[in-house]
Structures are given as structure tokens and as C-alpha cells.
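Before any comments, here is the structure.
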Amino acid sequence: MLRTHKCGELTTNHAGQAVTVCGWVDSYRDHGNLLFIDLRDRYGLIQVVFDPSENAEAHKLAQSLRSEDVIQATGKLKLRDPGLINPKIKSGEIEIRATDLAVLNKSKQPPFLPTSDNVPNEELRLKHRYLDLRRPALQSALIMRHKLCMAVREYFDKQDFIEVETPMLGKSTPEGARDYLVPSRVHPGEFYALPQSPQLYKQLLMVGGMDRYFQIARCFRDEDLRADRQPEFTQIDVEMSFVGQEDILSTIDGLVAHMVKNVRGVDYPLPLPRMTHAEAMERYGNDKPDIRFGMELTDIGSIVKDCGFGVFKSTLENGGRIRGINAKQAADKYSRKTIDELTAFVGEYGAKGLAFFRVKEGKLDSPIAKFFSDEHQAAIIQKMGGENGDLLFFVADQPKVTSAALAALRVRLGKELKLYDPMEVKVLWVLDFPLYGWNADENRWEAEHHPFCNPNKDDLHYFETDPGKIRAQSYDLVCNGYECASGSVRVHDPAVQQKIFDFIGLKMEDAEEKFGFLLNALRYGAPPHAGIALGLDRWVMLFLANDNIRDVIAFPKTQKASDLMTEAPSPVDAKQLRELHIKTDVPAELK
RNA sequence: GGGCUCGUAGCUCAAUUGGUUAGAGCGCCGGACUGUCGAUCCGGAGGUUGCGGGAUCGUGACCCGUCGAGCUCGCCA
């Protein structure tokens with residue numbers, strides 16, 4: 001060991017001891033004779049004092065130290081004199097009087113100082129991620145991530161779950177996200193796919209009798225990125241045999257409380273609240289409502305169906321809806337100009353306009369208020385729960401558009417008006433998702449969750465009449481407006497599975513070729529089973545009240561899925577391609 | 001694939017909205033200093049304004065393209 005103690009672990013209790021510490025030069029203060037170094041490691045800071053009367057040579061060497069040099073310092077830990085105590089740092093009452101110094105690694109001038117308040121642009125941070133990782137924010141994020149993983153493992157281990165690793169090199173299957181492919185050398189022209197999730201393997205583990213499985217599993221999806229989405233990410237993957245939906249829900253309730261207890265130290269009230277998908281869509285406009293604040297969607301269609309405002313009337317006549325939200329006491333917080341910005345904002349979600357009214361002296365104040373009689377105005381105000389000073393927004397459009405636009409507007413206003421404590425974490429279940437959605441592009445029904453999800457038994461008759469109405473035995477866990485887990489009761493009857501493949505347009509022989517192993521397994525004594533997967537990165541992000549998933553991943557990728565540090569992806573040698581029997585065919589305009 | 005934003009010194013930013021030699025703070029280099037703690041003081045170096053075209057008497061600023069980064073719609077079973 002090159003050190004006897006970590007910088008951050010030294011306390012007044014160590015006073016008088018001879019210590020050797022290693023770390024990075026956080027800052028230096030050279031007084032000509034006396035020289036101070038703040039030495040940093042993962043655990044904290046300690047001041048090291050170099051005095052020529054202790055060791056002239058060490059003092060001389062110390063004069064050459066600069067930020068981010070890595071050194072080893074030896075000396076006696078001393079209590080500082082009362083007047084020299086620095087209350088700003090944890091170790092402010094102690095310091096090391098250095099007797100020896102070794103420079104373990106001199107640092108070039110770093111492109112940015114990891115301890116500076118000026119956080120450099122992300123491009124630079126990603127290029128020098130090893131420097132960025134020295135920043136306390138990233139260190140604490142990774143530490144929390146580790147603690148969360150430990151808590152997860154502890155929770156499941158105590159309940160007889162076993163962690164099983166599943167392959168990274170798997171079979172490409174239709175449905176779902178775009179695969180990352182890996183060429184096979186020994187099978188010319190053939191490819192593995194990296195897992196989008198261990199979905200099929202964990203079901204096969206159930207058939208294999210594992211009974212209770214979990215895995216902290218890496219997943220890969222070759223789709224466009226977002227602030228909360230990376231091409232490779234981590235799931236807390238769970239599957240159980242001989243259980244139904246309630247068992248998964250209560251098991252995960254316990255997991256959430258355990259995670260909160262471990263990272264926040266508080267007891268989270270259980271059971272977690274539940275809401276149907278239909279209710280979420282109606283009250284919040286989306287299937288991942290942020291329930292830290294209200295401002296729910298209200299339908300005023302029945303009130304305004306005979307009003308004088310043409311846009312509202314014609315929307316209703318064309319099967320549309322008129323829904324709105326009430327931004328309490330925000331009438332003075334949004335000017336005409338900022339409302340124009342909001343109008344453009346909802347336009348991104350397809351809304352053709354954004355009607356707004358300020359509630360003023362019991363009436364509506366707006367350029368379009370004149371189209372509404374006093375009775376209409378009073379009814380709208382009452383329905384919206386309006387009070388003087390409120391600002392009402394309405395979107396008149398097809399149901400889907402009103403949902404999407406108002407859901408997004410609600411989230412934006414909630415944030416801008418600071419309607420919630422950003423540190424708060426509020427979790428709920430969303431249940432009864434539709435099993436199938438109509439894919440207009442491909443002119444077929446497709447699975448909303450995945451094709452292994454069991455239909456709700458009460459809805460089977462809709463297969464022939466109205467497949468969009470079939471509810472799935474599926475459930476999402478939603479936290480602060482993010483989808484944080486998703487799961488379902490699986491199909492364990494090969495006939496049902498076959499029927500579903502057939503229904504989503506997968507031909508018998510294709511189903512046999514792509515999913516034959518699963519159909520086969522279901523024919524050899526498959527237990528009823530159900531499961532779920534939690535997005536680990538998102539949970540870490542939420543516990544840190546962060547909105548950027550890259551800040552909770554040690555080595556994340558950019559929006560174009562490249563690694564700015566290693567410069568992956570990159571071309572490979574012609575020899576490698578020949579071995580794999582691969583020829584590239586990149587159009588000239590993409591080179 | 002679409003929309004929006006950004007790119008100026010090592011870093012964070014400014015540049016009176018198109019007008020003289022592109023500035024500041026931090027960092028860096030040199031010097032002074034025995035109790036600092038984001039030390040202080042004195043001096044200094046440091047710029048192809050991402051790249052390529054264009055418009056203009058004149059551009060860091062305007063236009064077009066391009067590269068990179070971010071946000072977002074589509075996409076993400």
C-alpha cells in the first residue's frame with residue numbers, strides 16, 4: 001500500500017499519528033516558505049503543510065506541484081491551532097505536517113479543473129471523462145448507483161431470488177427496437193444481436209425451474225437518444241414463477257421502499273398508488289403522469305358545444321375534444337409573448353392552437369372571450385376550478401393531440417411555476433395498458449408492450465370485435481413523469497402464444513423460425529410466470545433529482561451514440577472485415 | 001428523417017447588435033511573500049472566432065453548406 005490512510009478519512013482522532021496519504025493536488029497556496037496543498041481523494045480533502053525547516057528538499061519539490069498532480073505525502077497529523085481552523089471543510093481542524101513528498105504522476109495542465117464551479121461544456125467533459133469523473137457530482141452519482149445496486153441485490157437475495165447472467169450474444173428477433181448486431185466469424189454471413197432486454201431468457205429460466213430470478217442486466221437498443229435514454233443502459237430485471245400481477249406489484253412495492261430507504265434514509269409509504277392507463281390518459285394526458293403536482297386536464301366539451309367560438313364548435317363536430325388545464329395564479333406570470341412561445345411549444349405535439357383565458361373579476365379575459373357568453377364563462381370557470389388570477393389554457397383537437405399537447409404543457413408549466421419540490425420522488429403504478437395498438441404504417445396490430453404479454457381474460461372476446469380494447473396484464477412503474485419500470489404477466493400457454501403471433505401478423509413458419517425455442521419451451525411444462533424490469537439509470541437519475549442520464553453513467557455516449565473519449569465507433573482493419581466476410585457499402589454522401 | 005439552440009484564449013463568458021489593434025475572470029508562465037485555505041501582490045504569455053463558401057467598402061456577428069454538441073418530434077416491443 002502506498003498510503004496508510006485515505007485523505008477524507010482522517011479526523012481529529014488521528015492527531016499525533018504518522019500518516020502517509022495519496023491523492024490529487026486540489027489546490028496549492030505557496031507563501032514562499034510555508035506552502036499548503038489541499039490533497040483530494042474520493043473520500044475528501046486534507047491540508048498538507050510543507051515547511052523547509054521540516055524537510056527542505058520536500059518543500060522545494062512541493063513548490064513545483066500544480067493542480068491534479070498525483071502525490072504521496074508523509075508526515076504527522078496535527079491539530080490546527082484554534083485560530084487556523086477552517087470551518088468550511090470537514091477536515092478543517094487538522095492538517096499534515098509533511099516530512100516527505102513523492103510525485104507519483106505529474107499532470108499536464110488539464111483542459112478543465114474538476115473542482116471548479118465552472119462546469120465545462122459536455123463535449124469536453126466526455127472527451128476527458130477521466131477528469132470529469134473526478135468531479136464530486138459524478139463521484140457521488142456513481143457511489144449512489146453502487147449503493148442502489150447493493151440494496152437491490154440484498155432485497156432480492158433475502159427473498160430467495162437468484163441472480164443469473166444471460167447471454168449478450170443472442171438471436172435477432174422481429175418486433176421491438178432496432179438491434180445492435182455482432183457478426184459471426186465461424187458462421188459466415190450470420191449475426192448475433194445484443195439483447196434489447198433479457199426478456200426471453202428470463203422466461204426460459206422460469207421454464208428451467210429457477211422460480212425467482214433477477215439480474216442487473218445491460219441492454220442495448222439502436223434507437224435515437226434522448227436526455228433520459230442511452231443506447232446501452234441497465235435494467236433491474238425480475239421474473240417470478242407461479243405468481244400473478246398482484247405478487248409482482250407487492251414485491252416491487254417492497255423493492256421501491258427498500259431502495260428509497262437505502263439512498264434517502266426514509267420510509268416510503270406503501271402500497272404504491274395505482275391508476276389505470278385510461279385514468280392516467282384522462283387526468284394527465286399521458287401514461288407516465290408526474291403526480292407531484294395537480295393541474296389535471298379538464299374536458300369542457302359539454303359546456304362549449306354551443307358557444308360562439310367556431311374553432312371549439314367545429315372541433316367537437318369533427319370528433320375532437322376540448323380540454324384544458326388551470327395554471328393557478330399564473331395570470332401575471334405569462335405575457336402575451338411567453339404565451340406565444342407556449343403556443344409554439346404545443347404545436348410540436350400537433351396542436352393547431354392554444355386558447356388561453358385569464359380569470360379576472362369572475363370573468364374570462366382573453367382576445368377570444370367575446371365569443372363566450374357570461375353563462376359560458378361562468379360555467380368554464382366553475383368547471384376549471386378557476387379563481388381570480390388563474391390562467392386557463394385549452395387545446396381543441398383530436399383526442400390524442402389534446403392529450404399529448406396538454407400533458408407536455410402541464411409538465412412544462414409545473415416546472416416553470418415550481419409546483420413541486422425537485423428533490424421529491426413520487427411513484428405510482430399505471431395498470432391495464434392496451435395490449436395492442438394499430439400500426440397505420442404497416443397496416444397491422446402490434447403489441448404495445450411485447451408479444452409475450454398475457455391478455456386480460458375478461459377482454460378475450462374483443463379479439464374478433466375491437467382488439468384495441470383488449471387490456472394487457474401489464475403494469476408500468478412511473479416516477480416523477482418518467483417510466484421507470486415495465487412488466488407483465490406472460491403467456492405460458494403455447495396455443496395462446498401462437499395465437500398472438502398470428503394476430504400481430506407473424507406467419508406460422510416465421511414464428512417458428514424466430515421464436516421456435518420459446519414456443520417449444522412452453523410445450524415442456526412452462527409454469528405461469530410474470531415479471532418486470534426497472535430502469536436502473538433512471539432511478540439513479542431521479543434519486544439525484546437530475547434530468548440527464550449521462551450524469552449517472554461512467555462512460556456515456558453522445559446523442560449520435562459515439563464515445564468522444566475512445567472515438568468509438570470506428571472503422572476496422574480490412575483484415576477483420578475479411579475474416580467476417582463483410583463488405584461495407586456506404587453511399588458516397590454518407591462518407 | 002424533421003424542428004430548435006449552441007460552437008470566440010486551456011476553461012467560463014463578453015464584444016455597444018456590421019465599423020479602429022477581439023476583452024474579462026479563472027487557469028498557465030516568471031517574480032515576491034512563514035498560517036493560507038477559491039491566499040494575496042507585481043509582471044507576462046496566450047486567438048486561423050469549429051471548418052468551407054458567399055453577400056458587403058468592411059463580419060466573431062448576415063446568408064448557404066458542413067462538422068461537432070445539446071434539447072425535442074418521429075422512433076424507443
Side-chain angles (χ1 to χ4, degrees), chain A residues 26-39 45-54 59 63 66-68 80-89 91-92 95 97 107-128 131 173-179 196-197 199-200 219-231 233 341 344-350 404-405 408 412 433 435-437 439 441 445-453 472 474 483 486-488 500 504 506 533 535 547-548 550 557-560 562 564 567 589:
Chain A
D26 196 76
S27 66
Y28 59 95
R29 297 173 290 280
D30 186 351
H31 285 235
N33 268 316
L34 216 47
L35 190 152
F36 305 92
I37 298 286
D38 283 346
L39 197 63
L45 284 180
I46 183 76
Q47 173 164 282
V48 185
V49 189
F50 291 89
D51 187 330
S53 65
E54 290 274 3
H59 175 263
Q63 287 182 315
R66 292 295 178 270
S67 295
E68 301 307 310
R80 298 194 196 182
D81 291 339
L84 304 177
I85 289 171
N86 179 6
K88 288 188 205 165
I89 62 172
S91 61
E95 64 188 10
R97 299 286 299 194
S107 174
K108 285 174 62 179
Q109 186 190 347
F112 59 91
L113 287 176
T115 47
S116 165
D117 291 336
N118 284 340
V119 180
N121 77 65
E122 201 166 358
E123 198 171 347
L124 195 74
R125 288 173 48 202
L126 291 173
K127 187 170 176 187
H128 303 276
L131 295 180
T173 53
E175 300 284 311
R178 195 176 292 111
D179 284 324
Q196 296 177 25
S197 79
Q199 179 61 37
L200 292 168
C219 306
F220 305 85
R221 294 178 190 175
D222 186 6
E223 297 291 347
D224 287 348
L225 275 51
R226 286 288 186 283
D228 63 346
R229 226 195 276 165
Q230 280 276 299
F233 60 99
E341 285 170 20
F345 175 73
V346 295
E348 292 171 32
Y349 299 86
R412 175 169 172 167
F433 277 71
L435 187 59
Y436 301 113
N439 183 329
D441 291 339
W445 291 98
E446 64 185 5
E448 286 281 329
H449 182 52
H450 56 54
F452 320 109
C453 175
S474 74
E483 180 196 317
S486 186
S488 60
I500 288 171
I504 61 174
L506 201 59
D547 54 10
N548 182 337
R550 295 181 296 278
K557 300 209 165 29
T558 68
Q559 191 159 45
K560 281 194 154 177
S562 47
L564 296 181
E567 297 184 316
E589 67 268 20

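Lettering follows sequence order; numbering is per chain, from 1.
For B:G27 and B:G10, the C1' atoms lie 7 Å apart once the distance is rounded to whole Å. Taking atom P on both B:C63 and B:G18, the two are 10 Å apart, rounded to the nearest angstrom. B:A55 and B:G65 have their C1' atoms separated by 15 Å, with the value rounded to a whole Å. Using P as the reference atom, B:G52 and B:A9 are 16 Å apart when rounded to the nearest Å. Going from the P atom of B:G1 to that of B:G19 covers 38 Å, rounded to whole Å. Distance check on atom P: B:C29 versus B:G46 gives 15 Å, rounded to whole Å. To the nearest whole angstrom, the two C1' atoms, one in B:A45 and one in B:G7, are 25 Å apart. Comparing the P positions of B:C62 and B:A14 gives an interatomic distance of 14 Å, to the nearest angstrom.
Taking side-chain N and O atoms only, A:Thr115 has no distance below 4.0 Å to OP1 or OP2 of B:G38. The phosphate of B:U34 (OP1 or OP2) has a side-chain N or O of A:Asn33 nearer than 4.0 angstrom. The phosphate of B:A69 (OP1 or OP2) has a side-chain N or O of A:Ser562 nearer than 4.0 angstrom.
A cation-pi arrangement is present between A:Arg412 and A:Phe345, with the terminal nitrogen or guanidinium carbon under 6.0 Å from the aromatic centre and inside a 45° cone about the axis.
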Please list, pair by pair, any protein nitrogen or oxygen found under 3.5 Å from a nitrogen or oxygen in nucleotides 1-3 of chain B.
residue	atom	partner	partner atom	Å
B:G1	O6	A:Asp224	OD2	3.4

Extract from the structure each pairing of a protein N or O with an N or O of nucleotides 8-12 of chain B at less than 3.5 Å, listing the distance.
residue	atom	partner	partner atom	Å
B:G10	O2'	A:Pro111	O	2.8
B:C11	O4'	A:Pro111	O	3.2
B:U12	OP1	A:Asn121	N	2.7
B:U12	OP1	A:Asn121	ND2	3.3

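Using a 4.0 Å heavy-atom criterion, one finds that A:Asp30 contacts the bases of the nucleic acid, with or without backbone contacts as well. If you check every strand for non-hydrogen atoms under 4.0 Å, A:Glu448 touches sugar and phosphate atoms only. As judged by a 4.0 angstrom heavy-atom cut-off over every strand, A:Arg80 is placed among the base-contacting residues. Heavy atoms of A:Tyr349 sit under 4.0 angstrom from primed sugar atoms or phosphate atoms, though from no base atom.
Using a distance-only test at 3.5 Å, with no hydrogens or angles considered, a donor-acceptor pair links the side chain of A:Ser91 to the main chain of A:Leu45.
The side chain of A:Glu223 lies closest to B:C76, out of B:U36, B:C76, B:U72. Of all nucleotides listed (B:C28, B:G35, B:G38), B:G35 comes nearest to the side chain of A:Leu84.
Residue pairs that meet the side-chain hydrogen bond (donor to acceptor under 3.5 Å, both in side chains) test with at least one member in residues 113-123 of chain A, sequence neighbours left out, are A:Glu122-A:Arg550.
For B:G35, the base is not stacked against the aromatic ring of A:His31, per a cut-off of 5.5 Å between centres and 30° between planes.
Nucleotide B:U72 is shown with an anti base, its glycosidic torsion being more than 90° from 0.
The distance between atom CG of A:Leu225 and atom C1' of B:C73, rounded to the nearest whole Å, is 15 Å.
In a base pair of the Watson-Crick type (N1 to N3 plus N6-O4 or O6-N4) or a G-U wobble (N1-O2 and O6-N3), with each distance short of 3.5 Å, B:G58 is matched with no nucleotide.
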